[in-house]
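The structure appears right after this line, and notes come after that.
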Protein chains: 2
Amino acid sequence: MSEWKLNNYISVDCVVFGFDFEQLKVLLVDRVLKDEKTGNELFSDLTLTGNHIYEHESLEDAAARILFDLTGLENIYLKQFAAFCDPDRLKRPNDQAWLRASGRDPNSRIISVGYYSLLATKNVTLKWKGRNVKWYPVSEIKDLAFDHYNILQSALVALRRELLYEPIGFELLPEKFTLSQLQKVYEVILGVNLDKRNFRKKVARMKYLIPLDEKQKGVAHKPARLYMFSREVYEKTRKEVLDFNI
Amino acid sequence: MSEWKLNNYISVDCVVFGFDFEQLKVLLVDRVLKDEKTGNELFSDLTLTGNHIYEHESLEDAAARILFDLTGLENIYLKQFAAFCDPDRLKRPNDQAWLRASGRDPNSRIISVGYYSLLATKNVTLKWKGRNVKWYPVSEIKDLAFDHYNILQSALVALRRELLYEPIGFELLPEKFTLSQLQKVYEVILGVNLDKRNFRKKVARMKYLIPLDEKQKGVAHKPARLYMFSREVYEKTRKEVLDFNI
DNA sequence: AATCATAAGTGTCGTTTAAACACTTTTTAT
DNA sequence: ATAAAAAGTGTTTAAACGACACTTATGATT
């Protein structure tokens, strides 16, 4: 057993969550491996969006870069949630073939740090035209390449927990949103049904949720009032709000 | 800017928290650098306990190994809380000298994954006799080597948060403990004073806190009833308990 | 043996939050 | 004009929170 391991590679995997007012989605890349000579497709599966880090780049910067390359957006909500390091995490046959085909030592060890980010899908125009990147409903995903299914599940757990205790639901919505849309965020991510009146009573206590003098337009029902999230109010009041749920 | 970075080193840093019924403490190593020729001490400062990972070892296993080497204990509570990757995290003069003296390229990049662990100091006999490892009160620590002060603060934030939402206070106490000792855990870590009667009402609702037919001995006051934590009851009831504090 | 010092242990009340529950209103589409 | 769709709104009961003070059991001291 060597004292420590050289040639560990560090990569960042981004679990890019998106919300379209109906479902929680995640950005996945279609990984296609073709036979070098014949050009026949050997296999095709899906991966999270990820990349190795540059030499003078922090993990956070690498994650932001990946997101920028995908969406052209900056200052997206990004949260590191875990590091993945199982020595056998890239040892499945497809993954080994993929590593060989892309010129990497299939025995090298790649440690990956996971970030999740939150977006409203309608804010996003996917930029990474060179590859096949699309939104997929999280609930329909059965398996992914590498250990990415595991990473995704781990991101989901972290997201649920974060959502329960921090105001991050807004990050999955456009700047202006309705209370029903916000409620749906909680319902979809936590997998529960919430009572509309109780939900509204609860959010009414959140000072950082600012009602606007503006309503939905073009909907075939009573138009809802729009709200926005005020980060300033949140930062100001977060210390007061800290209560100890022992 | 290279496509990705070779020769990243991965290490694990363990923030080993201990509790002695009075204070929160942390295990630190006295890092002494001596001049190669004269043997004079060039500097001495404190680091967290950490190590590089072995070739076929997961991060979790590496953290458990470090803990075992320190204390001889297994199955200690261990929680990964963050990865530290700032490209300049080892660039202070002492750190550079230390890396050179220990035969490492001072320009190599070391990415460190942080774990914190929880122990009752009275359960522990420190084993790592070769080096100077001791408990230090967390509240008295002003600076540490490398970016370890930053890592420690980050561990503290993670610990406080975890303590608010999960029953981990027990991990800092002996198997059998009194309610006042448990209350003290919360008070010290969260930095608050709690009302004894309200605290007891609250913990009375925790089914996994088992009162024993046993009392403290040898104390110069009314002896307290002893309790223990039941992991089985906790696992059974945790799903019921999940409520959504939206 | 009596007293002291120390921490354990215990209950009430007013306030806040949680959870269950149904109807009216406003808009667009037909 | 009417229908369809989602917005918006209040009450009641139960549980939890937060503030607050005295009695009890033990070992130490005299």
Side-chain angles (χ1 to χ4, degrees), chain A residues 19-23 163-165 167 173-174 176-188 190-207 209-228 237 240-246, chain B residues 19-23 164-165 167 173-174 176-188 190-207 209-228 237 239-246:
Chain A
F19 188 68
D20 61 2
F21 305 123
E22 290 295 332
Q23 282 183 296
L163 185 64
L164 284 175
Y165 305 123
L173 294 170
K176 298 171 181 181
F177 52 85
T178 72
L179 293 186
S180 294
Q181 290 166 349
L182 184 60
Q183 181 176 338
K184 189 80 180 170
V185 167
Y186 284 89
E187 291 183 327
V188 167
L190 301 176
V192 292
N193 288 317
L194 299 172
D195 179 87
K196 186 163 40 160
R197 281 173 289 190
N198 291 339
F199 181 82
R200 282 162 191 247
K201 262 182 283 175
K202 189 124 186 175
V203 298
R205 272 177 249 133
M206 303 173 174
K207 301 285 170 51
L209 187 59
I210 313 292
L212 303 174
D213 287 330
E214 208 174 330
K215 297 192 170 179
Q216 275 185 314
K217 274 172 196 152
V219 287
H221 55 76
K222 178 171 175 177
R225 178 187 285 274
L226 296 176
Y227 287 76
M228 58 183 291
T237 56
E240 307 163 23
V241 169
L242 235 195
D243 61 303
F244 301 100
N245 291 311
I246 295 163
Chain B
F19 187 68
D20 61 1
F21 306 122
E22 290 294 330
Q23 283 182 297
L164 284 176
Y165 306 123
L173 293 170
K176 300 173 180 181
F177 51 86
T178 72
L179 293 187
S180 295
Q181 290 166 349
L182 184 61
Q183 181 175 338
K184 189 79 180 174
V185 166
Y186 284 89
E187 291 183 325
V188 166
L190 301 175
V192 292
N193 288 318
L194 298 172
D195 179 87
K196 186 166 35 161
R197 281 173 290 188
N198 292 338
F199 180 80
R200 281 160 192 248
K201 260 183 288 177
K202 188 122 189 177
V203 298
R205 271 176 250 131
M206 303 173 175
K207 301 284 170 52
L209 188 59
I210 313 292
L212 303 174
D213 286 329
E214 210 174 326
K215 297 193 171 183
Q216 277 185 313
K217 274 174 197 153
V219 287
H221 56 75
K222 181 172 176 178
R225 179 185 284 274
L226 296 177
Y227 288 76
M228 58 183 289
T237 56
K239 278 127 206 171
E240 308 164 23
V241 169
L242 235 193
D243 61 302
F244 301 101
N245 292 309
I246 296 164

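Small disclaimer: the values here were computed from a predicted structure and weren't measured. Letters A, B, ... mirror the listed sequences (proteins, then strands); counts begin at 1. Heavy-atom basis, side chains included; hydrogens, waters and symmetry copies ignored.
Set against dA8(C), dG8(D), dA18(C), the side chain of Ala224(A) has dG8(D) as its closest nucleotide.
Atom CZ of Phe21(B) is separated from atom P of dA7(C) by 14 Å (rounded to the nearest Å). The distance from atom OH of Tyr227(B) to atom C1' of dA8(C) is 10 Å, rounded to the nearest whole Å. The CG-P distance, from Asp195(A) to dA7(D), rounds to 14 Å in whole Å. For the pair Leu182(B) CG and dA8(C) P, the computed distance is 12 Å after rounding to whole Å. Atom CZ of Phe199(A) is separated from atom C1' of dA20(C) by 17 Å (rounded to the nearest Å). Counting to the nearest Å, the C1' atom of dA16(D) and the CZ atom of Arg200(B) are 19 Å from each other. For the pair Leu194(A) CG and dC21(C) P, the interatomic distance rounds to 15 Å; values are reported in whole Å. Here the P atom of nucleotide dG18(D) and the NZ atom of Lys202(B) are 7 Å apart, to the nearest Å.
Taking the side chain as every heavy atom from C-beta outward, Phe177(A) and Leu209(A) approach each other to under 4.5 Å. Counting heavy atoms from C-beta on, the side chains of Val203(B) and Tyr227(B) never come closer than 4.5 Å. Residues Leu164(A) and Tyr186(A) are not in side-chain contact: their nearest non-hydrogen atoms beyond the backbone lie 4.5 Å or more apart. Between Lys184(B) and Glu187(B), some side-chain heavy-atom pair lies under the 4.5 Å cut-off.
With the nearest nucleotide of DNA chain D identified for both Gln181(A) and Asn198(A), Gln181(A) has the one nearer the 5' end.
Under 3.5 Å, the side chain of Lys201(B) and the base of dG18(D) form at least one donor-acceptor pair of N or O atoms.
Arg205(B) comes within 4.0 angstrom of sugar-phosphate atoms only, judged by non-hydrogen atoms across all strands, and of no base.
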Under 4.0 Å protein heavy-atom contacts per nucleotide of nucleotides 22-30 of chain C, with B for base, S for backbone only and - for none: B--BBBS--
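Lys176(B) has a carboxylate O that lies under 4.0 Å from a charged side-chain N of Glu214(B), or vice versa, which qualifies the two as a salt bridge.
Heavy-atom minimum distance, Pro223(A) versus Gln216(A): CB-O, 3.2 Å. Nearest heavy-atom pair across Asp195(A) and Gln183(A) is C-NE2, 4.2 Å.
Phosphate contact (OP1/OP2 of dA7(C), side-chain N/O of Ser180(B), threshold under 4.0 Å): absent. The phosphate of dT24(D) (OP1 or OP2) has no side-chain N or O of Arg225(B) nearer than 4.0 angstrom.
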